[in-house]
S.K.: 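I'd like to ask some things about the structure below.
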Amino acid sequence: MDTDGFTTCLWFDGQAEEAAQFYVSVFEDSKLGDVVRNTGATPGEEGSVLTVEFTANGQKFVALNGGPEFTFNEAISFQLDCDDQAEIDHYWEALVEGGGEHGPCGWLKDRYGVSWQVNAKRLTQMIGDPDREKADRALKAMMTMGKLDIAELERAYAGGA
């Protein structure tokens, strides 16, 4: 087995190349890789894009034009652990660009239907605090939010929200 980790395959209905370019544009440490075209041995138009390899934020992906049989849902999501509010703000807007939708508690769907959790590393620390009152205040505050607001989470955690 390859010791460089896993490659995530994302199934699209004709948008594999467009999606790969989108993700590469959103994340640093990203690049497009090999594009495999349909030779006629598989369903689809000969010469059309079958797969696109890409790296986004250092993670390996393959975008596959598999057809309309399968679509994305919230059962699988990608969690982005952001260092600060500027990162949260960036991903919260960039990932919905072009037709995505914001959701509750830091969740969103991009224009392809892929679910993302735009999380604050600090929130993870807060909710892991052994002081359950502080942790619960942070969790309750998070439950009222769309985009996470670190300053508001900190206020709740400290007992001031």
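Just so you know, these numbers come straight off a predicted model, no measurement behind them.
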S.K.: Locate the shortest heavy-atom distance separating N65 from A16; write the atom from each residue and the value.
M.R.: OD1-N, 2.9 Å

S.K.: Answer yes or no: is there a side-chain heavy-atom contact under 4.5 Å between Y157 and R137?
M.R.: no

S.K.: Search all heavy atoms of I88 against all heavy atoms of A120 and return the closest pair with its distance.
M.R.: CD1-CB, 3.7 Å

S.K.: Report the C-alpha separation of T124 and K121 in whole Å, then their side-chain angles, then the decisive distance to 0.1 Å, and conclude whether the side chain to side chain contact (heavy atoms under 4.5 Å, CB included) test is met.
M.R.: CA-CA 5 Å; T124 302; K121 285 182 185 177; 5.7 Å; no

S.K.: Is the side chain of D110 donor-acceptor paired with the backbone N or O of V96 at a distance under 3.5 Å, no angle test?
M.R.: no

S.K.: Is the ring centre of F12 less than 6.0 Å from the ring centre of F72?
M.R.: yes

S.K.: With no hydrogens and no angle check, just 3.5 Å: does a side-chain donor-acceptor pair link D89 and Q85?
M.R.: yes

S.K.: Please determine whether ring pair (Phe, Tyr, Trp, His ring centres under 6.0 Å) holds for the pair F6 and F61, giving the CA-CA distance in whole Å, both sets of side-chain angles, and the decisive distance to 0.1 Å.
M.R.: CA-CA 9 Å; F6 295 95; F61 292 89; over 10 Å; no

S.K.: On a heavy-atom basis, which atom in V114 and which in Y23 lie closest, and how many Å separate them?
M.R.: CG2-OH, 3.4 Å

S.K.: Check R122 with E154, please: is the shortest side-chain N to carboxylate O separation under 4.0 Å?
M.R.: yes

S.K.: Under 3.5 Å, is there a donor on one side chain and an acceptor on the other for N119 and D81?
M.R.: yes

S.K.: Classify the ring geometry of W92 against H102: parallel below 30°, tilted from 30° to 60°, perpendicular beyond 60°.
M.R.: parallel

S.K.: Any donor and acceptor pair, going by atom type alone, linking the side chain of N38 with main-chain N or O of T42 inside 3.5 Å?
M.R.: yes

S.K.: Taking atom types as modelled and ignoring hydrogens, do the side chains of S115 and E74 form a donor-acceptor contact shorter than 3.5 angstrom?
M.R.: no

S.K.: How about W116 and F27: are their ring centroids closer than 6.0 Å?
M.R.: yes

